[in-house]
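These numbers come from the heavy atoms of this one structure, side chains and all, not from hydrogens, waters or symmetry mates. First the proteins, then the strands, lettered A, B, ... as listed; each starts at 1.
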Amino acid sequence: MRQSNKIKHRNSDIGELFERATSGERRAVGRLLSIVEGGGAPADQVARLGHPLVGRAHVIGITGPPGAGKSTLVGKLVSEAEKAGKRPAVLAVDPSSPLTGGAILGDRVRIDANNVNTFIRSVATRGHSGGLALSVPGSVRVFDASGFDPVIVETVGVGQVEVDVTATADTTVVVANPGTGDAVQANKAGLLEVADIFVVNKSDHSGANDVRRDLEIMLDLSHATGAEDVAGGRAPIVMTNSLDGDGIAELWTTITEHYEHLVESDRLVGRRSHRLKTEVRSRLLTGLEGMADHLLAQRFEALRRASDESTAPSELSEQLLVELFAGPNVDD
Amino acid sequence: MSEAASSVETESSSDAPLRIVLAKIGFDGHDRGLRVVARILRDAGCEVIYLGLRQTNEDIVSVAEQEDADCIGLSMHNAGHMTLAPKMVEALRAAELDIPVVVGGIIPESDIEPLKKAGVAAILGPGASAEEVGRTVRDVVNARA
Ligand SMILES: Nc1nc2c(ncn2[C@@H]2O[C@H](COP(=O)(O)OP(=O)(O)OP(=O)(O)O)[C@@H](O)[C@H]2O)c(=O)[nH]1
Ligand SMILES: [Mg+2]
């Protein structure tokens, strides 16, 4: 279905693509990202080649409710980054249709970057957001290894995986706005705990100050309960208007200061190792899921026949777990 | 490790969705038609990178690189297709990008052959079904592979 030259990647091709990508060829970067999204052994090869080269990029996660203005905001942020002489990359994640697997990826047109140095890649969740847990870190790695900095990841803050992949950024920005996503909703979605910085976007709308006040109250609360110390300090709140750019310079400064603080306080190391652990965990879970499906397909019916009506599901799964970890010579 | 562990699938999926950059070049009016096409393509299982109106050839070439596009869809609901579509094909060739261009819109019968001669891979009329759109796009992409 897909161009065959895109799916058959010999390891040597991938090595060559990497050389071209790291020497600044955008087309090669685009191709590597497709390999990562395709998953499997070729994606693992990209990860192996990329891993030794990473660690230079400041990874920024932007999340928040649908329509909060994330993409418009990202567009303004990359302009600030370019003004500061940087070479930004954006990974914009949109959901796929669960019915057809297709997707309309519309973030790019909102980001509307007249920024020639910025690389923007639109990503679909491809039906299962579990895939995102593997592909997003992989794509960030390609950008980082190719010399892009900062790397900005935009996700809609609704699914757990979407929130998780943004939360493993160096700096996580949660966007709230009047109307759609009030602070209470953000709280429910688990967005408040992951925020290093809050943005109240659409500051031109009436009600923006109310959102700010609600956020302040919640932050006061986590100050009182000690949750703030766990998170590493009180998250600042920045008001922005992403249409006319009001507050954007302040937000950019706040984001870069957060990163500098991470570097100076040595907390960056902890963050990065947490990110690594999260990715390894996702890979483990994916591997285990594959093993579970395989085992079920092979053994479930036989196991049922061998057991009687009264055998509970917990006992069946227990037995399968034993088989799974007992090694290849288990008697059938 | 058990047998199950050793045979876990590691192949890359060959049925990855087609990625299509969808745009309207030139200065004509609204993007209602384009939005309809975007939905048809999504329903046909494609990932549509939606660019909207007033795109230049240079924009589209650059986006096609970044998005690793399989195909470029141009919506044309005004005259101009006879110059704009061949110029898009030319821009891709100049950039050495081997990506098929599909034109959708109200194209007079007599323009179809000249457009194909100019390198447009396929033309879709306004009444094309999701199946037809999906099949056409797959065919032109496979023809390049
Ligand atoms: N008034 C006002 N409108 C804004 C502002 N920022 C964004 N918008 C508008 O809000 C709408 C949604 O903006 P997007 O940037 O697409 O929002 P998003 O959060 O990326 O949306 P999804 O990716 O679909 O979740 C658009 O119509 C924007 O023009 C703002 O600061 N003020
Ligand atoms: Mg968006």
Side-chain angles (χ1 to χ4, degrees), chain A residues 1-9 25-27 29-35 37-44 89 94 96-97 99-109 116 119-124 126 286-287 290-299 323-330, chain B residues 1-23 31 35 38-53 55 58-59 61-71 95-100 130 134 137-138 141-145:
Chain A
M1 189 175 270
R2 206 170 160 84
Q3 260 174 289
S4 62
N5 61 355
K6 279 192 172 181
I7 52 173
K8 289 179 194 132
H9 296 285
E25 196 189 311
R26 294 159 84 83
R27 188 172 311 183
V29 177
R31 192 50 67 87
L32 283 173
L33 293 170
S34 295
I35 298 173
E37 286 164 22
D44 292 347
D94 260 330
S96 301
S97 149
L99 287 180
T100 66
I104 298 174
L105 307 172
D107 286 327
R108 174 167 211 119
V109 65
V116 285
F119 192 115
I120 303 170
R121 177 68 169 219
S122 316
V123 195
R126 300 230 164 137
T286 306
M291 288 160 73
D293 288 340
H294 186 83
L295 190 64
L296 274 176
Q298 298 232 305
R299 293 280 300 125
E323 289 186 23
L324 193 59
F325 292 106
N329 296 322
V330 175
Chain B
M1 274 284 155
S2 72
E3 268 173 75
S6 57
S7 55
V8 170
E9 287 281 299
T10 51
E11 283 310 301
S12 174
S13 62
S14 58
D15 57 351
L18 292 174
R19 291 171 63 83
I20 303 180
V21 170
L22 192 63
D31 70 344
R35 285 173 191 278
R39 233 165 293 145
I40 291 174
L41 285 166
R42 180 196 61 194
D43 293 345
C46 301
E47 291 179 357
V48 181
I49 294 107
Y50 185 87
L51 294 187
L53 301 174
Q55 300 295 318
E58 297 78 60
D59 292 339
V61 167
S62 168
V63 169
E65 281 190 336
Q66 294 169 48
E67 300 286 1
D68 195 19
D70 295 294
C71 179
E96 291 176 18
L97 277 177
D98 188 23
I99 303 175
V137 170
R138 267 194 300 278
V141 170
N142 286 335
R144 295 288 172 112

Which is it for Arg19(B) and Glu37(A) under the side chain to side chain contact (heavy atoms under 4.5 Å, CB included) test, yes or no, and what are the steps along the way? CA-CA 12 Å; Arg19(B) 291 171 63 83; Glu37(A) 286 164 22; 3.9 Å; yes

N/O donor-acceptor pair under 3.5 Å between Arg121(A) side chain and Gln66(B) backbone = yes

Nearest heavy-atom approach of Ser97(A) to Arg42(B) is CB-CD, 4.1 Å

Any heavy-atom pair between the side chains of Glu96(B) and Arg27(A) that's under 4.5 Å?
yes

Honestly, the part of Glu58(B) sitting under 4.5 Å from a heavy atom of chain A is neither

Between Ser122(A) and Glu67(B), the two heavy atoms sitting closest are OG-OE2, 2.6 Å

- Task: Mark yes or no for whether Ser34(A), through its side chain, and Asp68(B), through its backbone, hold a donor-acceptor pair below 3.5 Å.
- Result: no

Looking only at Leu22(B), Leu51(B), Asp59(B), most heavy-atom pairs under 4.5 Å shared with chain A are made by Leu51(B)

Sorted by chain and number, sequence neighbours left out, salt bridge (charged side-chain N to carboxylate O under 4.0 Å, His left out) with Arg35(B) holds for Asp31(B)

In short, Gly101(A) meets Pro17(B) closest at the heavy-atom pair O-CG, 4.4 Å

(message) In the structure I gave you, are the side-chain heavy atoms of Glu65(B) and Glu25(A) within less than 4.5 Å of one another anywhere?
(response) no

So CD1 of Ile49(B) and CD1 of Ile104(A): to nearest 0.5 Å the spacing works out to 11.5 Å

So, the part of Ala95(B) with a heavy atom under 4.5 Å from chain A: the answer is both

Tell me whether Glu47(B) contacts the main-chain N or O of Leu105(A) through its side chain, where contact means a donor paired with an acceptor under 3.5 Å. no

